[in-house]
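Quick notes on the structure that follows.
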Amino acid sequence: MAQKQRPPAAPPQPQTVGVLQQRRIEAGVIKPLVQAFEAELGHEKTLAVLERVIKELARERGRQLAQEAPSTTLTGFAAMKEPWTRDNALEFDVLDTSDEHYAYNVTRCRYAEMYRELGLVDLGFYLSCNRDATLIEGFNPDLELTRTQTIMQGAPFCDFRYTRRKKT
């Protein structure tokens, strides 16, 4: 059986819509879908499916970022942050940026504000925060995120601590 030839992939285009605006658009579709699935499957099963799908989307986005980034180091990852911060979506204090560590605290999160405004406080973590660790895995499996708290879940700030995994 002959394989179909695919046209060459188009080069990546700059993201014209910031991630905050993208999440707002997605929320308008996801909210009624989640409500319908909860009515059919129940709350726990719906959240499990939602979490699995969102994480896979994040992993794939991380792979795409790796192809667009200047490098797949933490410095290269940090250079790709603009779509997430566009429209003053995040206020943060950078504590460390190197190829071994990238640490910052988010002190204001308009994503959390948006989800509250849309009546999606309970889903905001699943739709946004939950992507972060999986995104970095897709970007480079040798990198990892440790975060102990989020504004979305009521903390005063989000503590992002990216590190390069130690080779064993």
Side-chain angles (χ1 to χ4, degrees), residues 10-31 34 47 50-165:
Q13 300 296 313
Q15 186 163 338
T16 57
V17 174
V19 177
L20 178 64
Q21 184 62 27
Q22 181 179 331
R23 296 289 176 267
R24 181 178 292 280
I25 293 164
E26 291 170 356
V29 174
I30 290 173
K31 183 177 181 178
V34 166
L47 287 183
L50 179 66
E51 181 175 31
R52 187 175 66 243
V53 170
I54 294 293
K55 283 184 173 183
E56 187 49 43
L57 289 171
R59 187 173 289 108
E60 181 56 34
R61 181 63 185 130
R63 290 182 195 115
Q64 292 168 356
L65 279 176
Q67 294 179 8
E68 301 166 16
S71 72
T72 57
T73 64
L74 285 168
T75 306
F77 180 70
M80 303 300 289
K81 197 120 186 95
E82 190 278 329
W84 284 268
T85 61
R86 192 176 300 160
D87 303 320
N88 299 312
L90 299 172
E91 293 178 13
F92 56 96
D93 298 320
V94 176
L95 308 173
D96 186 13
T97 304
S98 70
D99 285 345
E100 300 298 318
H101 304 280
Y102 180 37
Y104 60 93
N105 292 333
V106 172
T107 56
R108 181 178 181 202
C109 177
R110 291 191 55 211
Y111 295 91
E113 294 168 14
M114 177 202 64
Y115 287 117
R116 282 189 189 97
E117 171 191 316
L118 297 174
L120 293 170
V121 172
D122 296 341
L123 292 179
F125 180 83
Y126 291 95
L127 298 175
S128 278
C129 307
N130 208 25
R131 298 174 187 244
D132 298 329
T134 315
L135 178 86
I136 197 69
E137 288 172 12
F139 183 78
N140 181 339
D142 292 334
L143 305 176
E144 67 183 336
L145 168 64
T146 302
R147 186 180 52 214
T148 63
Q149 61 185 29
T150 66
I151 293 171
M152 192 84 69
Q153 295 175 304
F157 64 93
C158 307
D159 58 341
F160 285 78
R161 305 296 183 265
Y162 293 96
T163 56
R164 177 192 304 280
R165 295 178 203 266

Practice task
Give the C-alpha distance, both sets of side-chain angles, the deciding distance and a yes or no for side-chain contact (heavy atoms from CB on, under 4.5 Å) between Phe157 and Arg108.
Solution key: CA-CA 7 Å; Phe157 64 93; Arg108 181 178 181 202; over 6 Å; no
Exercise for the section: Could you tell me whether Arg52 and Glu56 have a side-chain N and a carboxylate O separated by less than 4.0 Å? Expected result: no
Handout entry: Under-4.0 Å salt bridge between Arg164 and Glu144
Key = no
Enter the distance from [X]:[atom1] to [Y]:[atom2] here, rounded to the nearest 0.5 Å.
X      : Y      : atom1 : atom2 : result
Cys129 : Ile151 : SG    : CD1   : 9.0 Å
Arg116 : Leu118 : CZ    : CG    : 12.0 Å
Arg86  : Leu20  : CZ    : CG    : 10.5 Å
Leu65  : Glu60  : CG    : CD    : 10.5 Å
Leu50  : Ile30  : CG    : CD1   : 6.5 Å
Asn140 : Thr73  : CG    : OG1   : 8.5 Å

Looking just at side-chain N and O atoms, do [X] and [Y] make a donor-acceptor pair shorter than 3.5 Å?
X      : Y      : answer
Asp87  : Gln21  : no
Arg161 : Asn105 : yes
Gln149 : Gln153 : no

Looking only at heavy atoms, which two atoms of [X] and [Y] are closest? And how far apart?
X      : Y      : result
Tyr111 : Trp84  : OH-O, 2.7 Å
Ser98  : Leu74  : O-CB, 3.3 Å
Ala69  : Gly76  : CB-O, 4.1 Å
Thr97  : Val94  : OG1-CG1, 3.3 Å
Thr72  : Leu143 : O-CD1, 3.6 Å
Ala112 : Met152 : CA-SD, 3.5 Å

Exercise for the section: Assign the ring pair Phe77 / Tyr102 to parallel, tilted or perpendicular, where the plane angle (0 to 90°) is split at 30° and 60°. Expected result: perpendicular
Do the non-hydrogen side-chain atoms of [X] and [Y] ever get within less than 4.5 Å of each other?
X      : Y      : result
Arg63  : Phe139 : no
Arg147 : Asp132 : yes
Thr85  : Phe92  : yes
Gln22  : Glu26  : yes

Handout entry: Passing option when Glu137 is tested against Lys55, Arg61, Arg59 for salt bridge (Lys or Arg N to Asp or Glu O under 4.0 Å)
Key = Arg59
Practice task
Please assess Cys109 against Leu90 for the test side-chain contact (heavy atoms from CB on, under 4.5 Å), listing each intermediate value before the final yes or no.
Solution key: CA-CA 5 Å; Cys109 177; Leu90 299 172; 4.0 Å; yes
Practice task
Check whether any side-chain N or O of Arg131 sits under 3.5 Å from a backbone N or O of Leu127 as a donor-acceptor pair, and report yes or no.
Solution key: yes
Handout entry: Main-chain N/O of Met114 paired to Arg24 side chain as donor or acceptor, under 3.5 Å
Key = no
Practice task
Check whether NZ of the Lys or CZ of the Arg Lys81 lies under 6.0 Å from the centre of the six-membered ring of Tyr162 and within 45 degrees of that ring's axis.
Solution key: no
Problem - Verdict with reasoning, Asp93 to Tyr104, per side-chain contact (heavy atoms from CB on, under 4.5 Å) - result: CA-CA 5 Å; Asp93 298 320; Tyr104 60 93; over 6 Å; no
Completion exercise
Hits for ring pair (Phe, Tyr, Trp, His ring centres under 6.0 Å) against Phe125, two or more places apart or cross-chain, chain-then-number order -> none
Exercise for the section: Run through Thr146, Thr148, Thr150 and flag the one making a side chain to side chain donor-acceptor pair (under 3.5 Å) with Asp159. Expected result: Thr148
Practice task
Just do the side-chain contact (heavy atoms from CB on, under 4.5 Å) check on Leu47 and Leu123 with the steps written out, would you?
Solution key: CA-CA 9 Å; Leu47 287 183; Leu123 292 179; 3.6 Å; yes
